[in-house]
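Presented below is the structure to which this report refers.
Source: prediction; values computed, not measured. Just follow the structure's listing: the first ligand is 1, and inside any ligand the first atom is 1.
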Amino acid sequence: MSAEQKSGLTVIVLAAGGGTRMRSKTMKVLHPIAGRSMIGHVLTAAQALDPEQVVAVVGHQREAVGAHIHESFPDVVLAVQEEQHGTGHAVRMAVEAAGQMSGTVVVAYGDTPLLRGDSLREFADEHEAAQRAVSILSGIVPDPFGYGRVLRNDEGDVEAIVEEKDATAEQREVREINSGILAFDAEFLRDALPRIGNDNAKGEYYLTDTIAIAREDGLTVGAHPIDDVMQTEGVNDRVQLARIGAELNRRIVESWMREGVTVVDPATTWIDADAVLGADVTILPGTQLLGATVVGEDAVIGPDTTLKDCEIGPGATVVRTQGVLAVVGTESIVGPFSYLRPGTVLGARGKIGGFVETKNAVIGDGAKVPHLSYVGDAEIGEGTNIGAGTIFANYDGVEKHRTKIGKHARTASNNTFVAPIEIGDGAATGAGTVVRHDVPPGALAVSSGPQRNIEEWALRKRRGTAQASAAEIALAGGRDDDQGMAES
Ligand code: UD1
Ligand code: MG
């Protein structure tokens with residue numbers, strides 16, 4: 001091989017199996033953990049090897065699995081294994097679908113979401129340094145049941161892998177197991193695959209038979225036990241899905257704490273793999289930071305807050321809030337009990353307060369929607385204050401319309417803005433106003449009629465009630481001796 005011909009690296013990810021124990025309409029490897037599909041985690045780890053090509057073997061529900069892989073990892077080559085005749089057969093399908101293969105081939109499974117790129121890297125490096133035909137990423141486990149066992153001779157050299165169903169009672173005692181992740185010299189793999197038979201308990205073509213084949217050929221094989229065996233643990237049912245999901249979350253939360261994030265209660269904090277947190281962020285109990293959520297430094301999130309694909313500015317405070325695809329500016333305050341729907345953009349030092357729902361709403365710097373409001377399809381200028389209990393009536397039953405409010409406006413309580421309308425800079429409204437027409441800059445809009453008092457109404461219409469007697473005493477200028485206000 002010439003110096004320029006750098007030996008390449010191919011990763012093959014097996015994901016053709018049915019995963020029937022999930023009892024799910026959704027293919028096993030498509031189930032999400034920490035905001036990513038299981039196979040998404042494995043394909044992300046594979047990127048750490050900087051591979052020349054990645055091949056995913058799909059079979060069961062290959063349309064769904066293939067479409068998912070194609071969308072998230074467009075460079076991954078798909079190989080179809082119509083019927084599942086074993087891991088050796090699956091890898092054969094991958095090799096047929098792959099382009100020119102040279103150097104190292106790493107085989108992994110699509111259902112091991114804890115697998116890390118640096119572990120794969122270390123394993124591949126060791127395999128290459130030892131110039132082996134095959135390397136096994138093995139693990140020492142207390143209960144090896146169900147796994148292929150790594151058989152070593154008296155010198156400790158790896159001789160073969162024997163599957164659970166084919167193992168003798170003595171072989172079953174071996175606690176060094178095949179994690180399923182193997183590294184091959186590409187040339188050896190191509191030569192060995194057609195030599196694998198299926199004369200075994202399952203009648204399958206076992207990829208693990210390549211170990212014995214290499215030994216027969218006098219080639220070097222070896223096993224590299226991984227310390228953190230959990231990384232190679234597969235998910236087969238929903239109990240394992242939850243357990244591995246919790247473990248991945250524990251690892252993600254811990255790594256953010258090491259990066260300088262305060263997490264008050266790691267047990268009730270959930271952070272997806274793609275979320276990014278700044279230094280000195282504080283996460284209070286019961287918080288979920290999902291999807292591609294980004295939290296700027298010094299922000300305080302929670303308690304009891306769920307943010308998906310949100311961007312929270314530095315120093316912002318977000319309390320008891322549900323948010324999706326929303327942006328909160330620097331040092332802004334949100335919550336408690338706020339619902340930020342997609343398209344919400346709050347500027348710097350603004351406020352979205354209690355029981356406020358926002359959607360497609362661009363709220364300027366320093367602008368405030370403090371209480372009990374619905375803000376949909378709106379633009380609110382900087383420094384404007386929206387009164388309590390305001391409804392942006394954006395929907396006429398057929399179409400959505402926008403409301404635009406200028407800068408430094410002061411709208412009063414219990415307003416309805418019937419879109420489409422514009423309220424100018426520095427404008428104001430009276431309490432209870434239903435704004436149906438544009439308000440020019442600086443104008444005060446009032447829509448309710450003048451107040452009319454019908455004197456002594458309660459005395460006539462509520463005769464004999466506590467209401468009537470209270471009114472009577474007050475009108476007489478007397479003292480209210482009867483504090484009871486009991487209902488008769
Ligand atoms: C396999 C290994 C075993 C190892 C264990 C680790 C073999 C023969 N055995 O056993 O040594 O300890 O994994 O978990 O390799 N798959 C396909 N096509 C197939 C068969 C399997 O794509 O025809 C995929 C499955 O979807 C799965 C993976 O390969 O992701 C492993 O298959 P599985 O049937 O679980 O193998 P095990 O019997 O567990
Ligand atoms: Mg298995």
Practice problem: Return yes if some donor-acceptor pair links the side-chain N/O of His41 with the main-chain N/O of Ile33 below 3.5 Å, else return no. | Solution: yes
Quiz item: Between Ser135 and Arg132, do the side chains contain an N or O donor and an N or O acceptor separated by less than 3.5 Å?
Solution: yes
Exercise. Run the numbers for me: atoms of ligand 1, each under 4.0 Å from some heavy atom of Lys202, listed by number.
Key: 38 (O)
Exercise. Answer side chain, backbone, both or neither: which part of Glu164 comes under 4.0 Å from ligand 1, heavy atoms only.
Key: neither
Exercise. Please identify which atoms of ligand 1 are closer than 4.0 Å to at least one heavy atom of Tyr206.
Key: 8 (C)
Quiz item: Should the heavy atoms of other residues, nucleotides or ligands under 6.0 Å from CZ of Arg215 be counted, would the total exceed 12?
Solution: yes
Quiz item: Is it true that Glu163 and Arg149 have a side-chain N and a carboxylate O under 4.0 angstrom from each other?
Solution: no
Practice problem: Could you pull out, from Lys28, Arg92, Gln81, the option with a heavy atom nearest to atom 18 (N) of ligand 1? | Solution: Gln81
Practice problem: Identify the protein heavy atom lying closest to atom 26 (O) of ligand 1, giving its residue, its atom name and the separation to 0.1 Å. | Solution: Gly17 N, 2.9 Å
Quiz item: Can you check whether a protein heavy atom sits less than 4.0 angstrom from atom 33 (P) of ligand 1?
Solution: no
Quiz item: What protein heavy atom sits nearest atom 7 (C) of ligand 1, and how far away is it?
Solution: Thr87 OG1, 3.4 Å
Practice problem: Establish, from distance only, whether the side-chain atoms of Lys165 and Asn200 form a donor-acceptor pair under 3.5 Å. | Solution: no
Self-check item: Any donor-acceptor pair under 3.5 Å from Glu247 side chain to Arg243 backbone
Solution: no
Self-check item: Contact with ligand 1 for Ile177, non-hydrogen, under 4.0 angstrom
Solution: no
Quiz item: With a 4.0 Å cut-off on heavy atoms, does His89 reach ligand 1?
Solution: no
Quiz item: For ligand 1, is there an atom lying under 4.0 Å from some heavy atom of Gly234?
Solution: no
Quiz item: Would you find a donor on one side and an acceptor on the other, under 3.5 Å apart, between the side chain of Asn360 and the backbone of Asp377?
Solution: no
Exercise. Compute the shortest N/O to N/O distance between Gly110 and ligand 1 and return yes if it is under 3.5 Å, no if not.
Key: no
Quiz prompt | Distance-only N or O hit between ligand 1 and Val57, under 3.5 Å | solution = no
Practice problem: Drop me the distance from Met230's CE to Glu233's CD, to the nearest 0.5 angstrom. | Solution: 5.0 Å
Quiz item: Between Gln53 (side chain) and Gly99 (backbone), is there a donor-acceptor pair under 3.5 Å?
Solution: yes
Quiz item: So which heavy atom in the protein is nearest atom 4 (C) of ligand 1, and how far is it from that ligand atom?
Solution: Asn178 O, 3.2 Å
Quiz item: Between Ala90 and ligand 1, is there a nitrogen or oxygen pair with a distance under 3.5 Å?
Solution: no
Practice problem: Give the single entry among Glu163, Arg149, Met93 that approaches atom 9 (N) of ligand 1 most closely by any heavy atom. | Solution: Glu163
Practice problem: Return the option from Tyr147, Tyr205, Tyr109 holding the heavy atom at the smallest distance from atom 1 (C) of ligand 1. | Solution: Tyr109
Quiz item: What are the atoms of ligand 1, with element, lying closer than 4.0 Å to any heavy atom of His85?
Solution: 23 (O)
Quiz item: Any protein heavy atom under 4.0 Å from atom 36 (O) of ligand 1?
Solution: no
Quiz prompt | Heavy-atom nearest option to atom 19 (C) of ligand 1, drawn from Gly86, Gly18, Ala16, Ala15 | solution = Gly86
Quiz item: Backbone N or O of Leu207 within a donor-acceptor pair of the Thr87 side chain at under 3.5 Å?
Solution: yes
Quiz prompt | Backbone N/O of Gln322 and side chain of Thr306: donor-acceptor pair under 3.5 Å | solution = no
Quiz item: In the protein, what heavy atom is nearest to atom 39 (O) of ligand 1, and what distance, to one decimal place, separates them?
Solution: Gly146 O, 4.7 Å
Quiz item: Ser338 side chain to Gly353 main-chain N or O, any donor-acceptor pair under 3.5 Å?
Solution: yes
Quiz item: Are side-chain N/O atoms of His31 and Ser24 paired as donor and acceptor at under 3.5 Å?
Solution: yes
Quiz item: Which protein non-hydrogen atom lies closest to atom 30 (O) of ligand 1, naming both residue and atom, and how far is it?
Solution: Leu14 O, 3.5 Å
Quiz item: Heavy atoms of the protein only: does one fall short of 4.0 Å from atom 23 (O) of ligand 1?
Solution: yes
